[in-house]
Amino acid sequence: MKEKGWKEITWAGLITEPGNSVEYETVAWRLSRPIRDMERCTHCLTCWAYCPDGAMLVENNRVGGIDLKCCKGCGICAMECPYNAIIMVEEAIAQAE
């Protein structure tokens, strides 16, 4: 994807289209990543509803995984999960495992 020039970006860098992280990878600057506990997850889709970047992958009304290319590591999914099925792990530690 070609990067936009200064004339093409929005004023003050405003994000006018939510969920736009699917257009670029955030892996290089993410500090932590969500890890889902498959045994605790009830597929309630709360994480999907709250994820600002559409990183929660849903198949047949069930959470199928997390698209780490889109995830910026904000932790909203972990905070909102009513079953504590998602924890945030430091990116360096997760990559080492």
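The structure displayed is predicted, hence computed values, not measured ones.
Judged by distance alone, the side chain of Asp53 and the main-chain N or O of Ala55 form no donor-acceptor pair under 3.5 Å.
Legend: residues meeting side-chain hydrogen bond (donor to acceptor under 3.5 Å, both in side chains) with Arg33, ordered by chain and number and at least two apart, are Glu91. Arg62 is linked by a side-chain hydrogen bond (donor to acceptor under 3.5 Å, both in side chains) to His43, counting only residues two or more places apart in sequence or in another chain.
Hydrophobic clustering (side-chain heavy atoms under 4.5 Å, transitive across Ile, Leu, Val, Met, Phe, Trp, Tyr) keeps Met38 apart from Ile35.
At least one side-chain heavy atom of Pro52 sits under 4.5 Å from a side-chain heavy atom of Lys72.
Here Trp48 contributes atom CH2 and Asn61 contributes atom CG; the two are 9.0 Å apart, rounded to the nearest 0.5 Å. Atom CZ of Arg30 sits about 11.0 Å away from atom SG of Cys74, to the nearest 0.5 Å. Taking CG of Leu57 as the start and SG of Cys47 as the end, the distance is 10.0 Å to the nearest 0.5 Å.
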Which pairs of donor and acceptor atoms, one on a side chain in residues 77-89, lie under 3.5 Å apart (sequence neighbours left out)?
none

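In the displayed structure, Leu31 atom CG is contacted under 6.0 Å by at most 12 heavy atoms of other residues, nucleotides or ligands.
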